[in-house]
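Working notes, beginning with the structure itself.
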Amino acid sequence: MKTDVVIIGSGPAGLMLGHLLRLAGIEAVIVERQTRAHIEARIRAGVLEDTTTNLLERLNIDGRMKDEGLLHSGVNIVANDRLIHIDINGLTGRQVMVYGQTEVTRDLIEASTERDLPIVWGVDSLTINNINSDTPYVTFLANSETERIDARFVVGCDGYHGPSRGSIPASASQSYELTYPFGWLGLLADVPPCHEEVVYANHPRGFALASMRSMKRSRYYLQVPIDEDLDAWPDERFWDELAIRLGPEVAPSITRGPAIEKSIAQLRSFVFEPMRYGSLFLAGDAAHIVPPTGAKGLNLAASDVAYLSDALIEWFDKGSANGLDGYSDRALARVWKSERFSWQLTRLLHRFPDDSDFERRLQQAELDYLANSETAQRNLAENYVGLPL
Ligand code: APR
Ligand code: PHB
């Protein structure tokens with residue numbers, strides 16, 4: 001097979017890039033290790049910046065999001081059992097969209113069948129070849145047959161565990177990493193949310209988060225030790241702990257119900273530079289990971305592919321390599337700002353087991369500053385709603 005751009009991975013990054021290229025008349029093929037059913041069942045975060053919703057609007061894949069998504073004008077932080085309301089719309093004139101990444105992915109996959117964007121599902125043993133040339137290609141096993149796709153460019157949208165990043169020589173790259181000494185235990189339940197907006201809580205027993213997927217489906221998280229056993233958290237224990245951490249202003253509105261999904265995720269900050277080597281480009285989690293505090297993962301995947309699609313279109317339409325040459329620096333400038341924000345929000349809201357009393361008091365002072373300073377709230381709001389592209 002031959003195409004213009006071969007995209008590895010059909011997560012949000014690969015799917016949005018494929019659609020942006022198809023819209024501009026550039027051929028792309030997506031190759032994905034998992035099955036479609038597996039990808040459509042993955043539970044991920046659910047807060048979209050307007051930079052991301054604008055991209056979905058540009059693709060005209062925003063119909064269901066506009067019908068079913070929830071536009072939020074603010075976000076809340078509980079500290080010392082008091083609710084601090086951050087008026088995102090009042091401070092920035094913008095809003096965030098609460099719509100699950102699972103739903104975004106489903107919408108993008110559904111549109112791919114209508115729009116001539118081929119996705120090869122269930123590929124195995126993928127290799128990336130000749131990235132030092134103008135004639136790169138990938139090989140893989142599909143239905144036990146060896147396949148080869150030749151392209152002008154390969155884009156690795158294959159997430160943190162995918163093979164693309166490893167194809168770039170260590171001598172030409174650098175990675176930066178931070179791990180956190182705790183995880184997030186997530187629970188999804190078909191119960192109404194406890195608050196009309198998302199609530200993040202800093203409590204002496206650890207962080208908690210109240211989010212939602214709809215007015216009938218809630219998503220909650222609790223900070224847990226890094227080696228926590230999921231079996232130690234029957235539903236009732238989760239609900240009891242959530243009520244304590246969300247505090248007296250929010251807890252009375254919690255509706256309990258059976259978990260339809262429960263899992264533990266580790267937190268990590270990671271950046272790989274550069275995001276390009278020869279004919280191979282990286283986008284999304286393949287190049288960077290943020291801790292989920294602030295929900296920037298999908299939004300960064302969206303900004304990467306917005307930049308990269310512009311650059312690829314410039315190359316295919318005008319023969320200019322300027323955009324491609326500047327892609328890595330341009331994307332990383334935004335990535336690092338989101339890394340900074342996600343790290344800062346994680347630092348502000350969690351209990352770090354090794355913090356000294358001095359560091360604890362600094363965290364308290366910062367929460368107090370946030371509660372009382374419009375400048376501090378504007379800073380949070382501007383980053384939460386998303387920096388401009
Ligand atoms: N061959 C083909 N596909 C692969 C391979 C491989 N060897 N390895 C990984 N993949 C696929 C994965 O199965 C996955 O579907 O690449 C895809 C990567 O998707 P995501 O992990 O969703 O990453 P990305 O598209 O960058 O999205 C970033 O989504 O995953 C969340 O937390 C993440 O919010 C962030 C956002
Ligand atoms: C979610 O709804 O799953 C969610 C919301 C906000 C976050 C992370 C996850 O910061």
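Predicted model only: the values in this text are computed from it and were never measured. These values consider heavy atoms only, across backbone and side chains, with no hydrogens, waters or symmetry-generated copies.
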>> Test of understanding: with side-chain contact (heavy atoms from CB on, under 4.5 Å), list the residues that count as partners of T105, not counting sequence neighbours.
In response: P12, L15, I39, Q101, I109
> Which residues pass the side-chain contact (heavy atoms from CB on, under 4.5 Å) test with P118, sequence neighbours left out?
Replying inline: V29
> Who passes salt bridge (charged side-chain N to carboxylate O under 4.0 Å, His left out) against R165, sequence neighbours left out?
Replying inline: none
> Closest approach of L280 and G156, non-hydrogen atoms and distance?
Replying inline: CD1-N, 4.0 Å
> Side chains of E273 and W336: donor-acceptor distance under 3.5 Å anywhere?
Replying inline: yes
> Has the side chain of D158 got a donor or acceptor atom that lies under 3.5 Å from a matching backbone atom of G9?
Replying inline: no
>> With no hydrogens and no angle check, just 3.5 Å: does a side-chain donor-acceptor pair link Y99 and T53?
In response: no
>> I need the full list of side-chain hydrogen bond (donor to acceptor under 3.5 Å, both in side chains) pairs touching residues 203-213, with sequence neighbours left out, sorted by first then second residue.
In response: R205-E241
> Can you name the residues that form a side-chain hydrogen bond (donor to acceptor under 3.5 Å, both in side chains) with D150, not counting sequence neighbours?
Replying inline: R148
> How would you list, by chain and number, every residue that makes a side-chain hydrogen bond (donor to acceptor under 3.5 Å, both in side chains) with E314, sequence neighbours excluded?
Replying inline: S320
> Which hydrophobic side chains are connected to L187, either touching it within the sub-4.5 Å cutoff or through other members that do?
Replying inline: V78, L83, L185, V191, V199, Y220, L222, V224, L230, W233, F238, W239, L242, L246, V250, I254, I264
>> Tell me every residue that passes side-chain hydrogen bond (donor to acceptor under 3.5 Å, both in side chains) with R268, counting only those two or more places apart in sequence or in another chain.
In response: Y160, E177
> If we ignore angles and hydrogens, is there a donor and acceptor under 3.5 Å between the side chains of E49 and N54?
Replying inline: no
>> For H350 and F352, take the angle between the two ring planes, folded into 0 to 90°, and tell me which bin it lands in: parallel under 30, tilted 30 to 60, perpendicular over 60.
In response: perpendicular
> Are F182 and V290 co-members of a hydrophobic cluster defined by side-chain heavy atoms under 4.5 Å apart?
Replying inline: no
>> With salt bridge (charged side-chain N to carboxylate O under 4.0 Å, His left out) as the rule and sequence neighbours excluded, what pairs involving residues 61-73 come up?
In response: E57-K66, D62-K66, R64-E68, R64-E103, R64-D107
> Side chains of S263 and E261: is there a donor and an acceptor less than 3.5 Å apart?
Replying inline: yes
>> So which atom in V138 and which in V6 form the shortest heavy-atom distance, rounded to 0.1 Å?
In response: CG2-CG2, 3.9 Å
>> Would the distance check show the side chain of S309 and the main-chain N or O of V305 forming a donor-acceptor pair, the cut-off being under 3.5 Å?
In response: yes
> What salt bridge (charged side-chain N to carboxylate O under 4.0 Å, His left out) pairs are there with at least one residue in residues 187-199, not counting sequence neighbours?
Replying inline: D190-R217
> Take atom CH2 in W121; do more than 12 heavy atoms of anything else shown fall under 6.0 Å from it?
Replying inline: yes
> If you group Ile, Leu, Val, Met, Phe, Trp and Tyr by side-chain heavy-atom gaps below 4.5 Å, do V47 and V104 land in one group?
Replying inline: no
> Does NZ or CZ of R245 fall inside the cone over F207's six-membered ring, less than 6.0 Å from its centre and within 45° of the axis?
Replying inline: no
> Applying salt bridge (charged side-chain N to carboxylate O under 4.0 Å, His left out), which residue pairs with at least one partner in residues 115-143 are found, sequence neighbours left out?
Replying inline: R22-D116, D134-R152
>> What I want to find out is whether R82 reaches D368 closely enough, with some N-O distance under 4.0 Å, to be called a salt bridge.
In response: no
> If you measure only the distance, is there a donor-acceptor pair under 3.5 Å linking the side chains of T127 and T139?
Replying inline: yes
>> How close do A243 and A251 get, counting heavy atoms only, and between which atoms?
In response: O-CB, 3.4 Å
> Less than 4.0 Å between a side-chain N and a carboxylate O, is that true for E27 and K2?
Replying inline: no
> Of the non-hydrogen atoms in G186 and Y221, which two are nearest, and what is the gap between them?
Replying inline: CA-CD2, 3.5 Å
> Do we see a donor-acceptor contact under 3.5 Å between the side chains of D304 and H288?
Replying inline: yes
> Between T293 and L345, is there a donor-acceptor pair closer than 3.5 Å when you use the side chain of the first and the backbone of the second?
Replying inline: no
> Hey, what do you get for NZ (K337) to CG (L300), rounding to the nearest 0.5 Å?
Replying inline: 11.0 Å
> Is a donor on one side and an acceptor on the other found under 3.5 Å between the side chain of S218 and the backbone of P192?
Replying inline: yes
> Any link between Y137 and V120 through a network of hydrophobic side chains (Ile, Leu, Val, Met, Phe, Trp, Tyr) touching at under 4.5 Å?
Replying inline: no
> Between the main-chain N or O of V335 and the side-chain N or O of K296, is there a donor-acceptor pair closer than 3.5 Å?
Replying inline: no
>> Does any part of the side chain of D87, heavy atoms only, come nearer than 4.5 Å to the side chain of Q377, both counted from C-beta?
In response: no
>> Please enumerate all residues that pass side-chain hydrogen bond (donor to acceptor under 3.5 Å, both in side chains) together with N202, with sequence neighbours excluded.
In response: R351, Q363
>> On a heavy-atom basis, which atom in M212 and which in H195 lie closest, and how many Å separate them?
In response: CE-O, 3.4 Å
> What's the shortest heavy-atom distance between S269 and E339, and which atoms?
Replying inline: CB-OE1, 3.6 Å
>> Using a strict threshold of under 4.0 Å (side-chain N to carboxylate O), is an ion pair present between R256 and D235?
In response: no
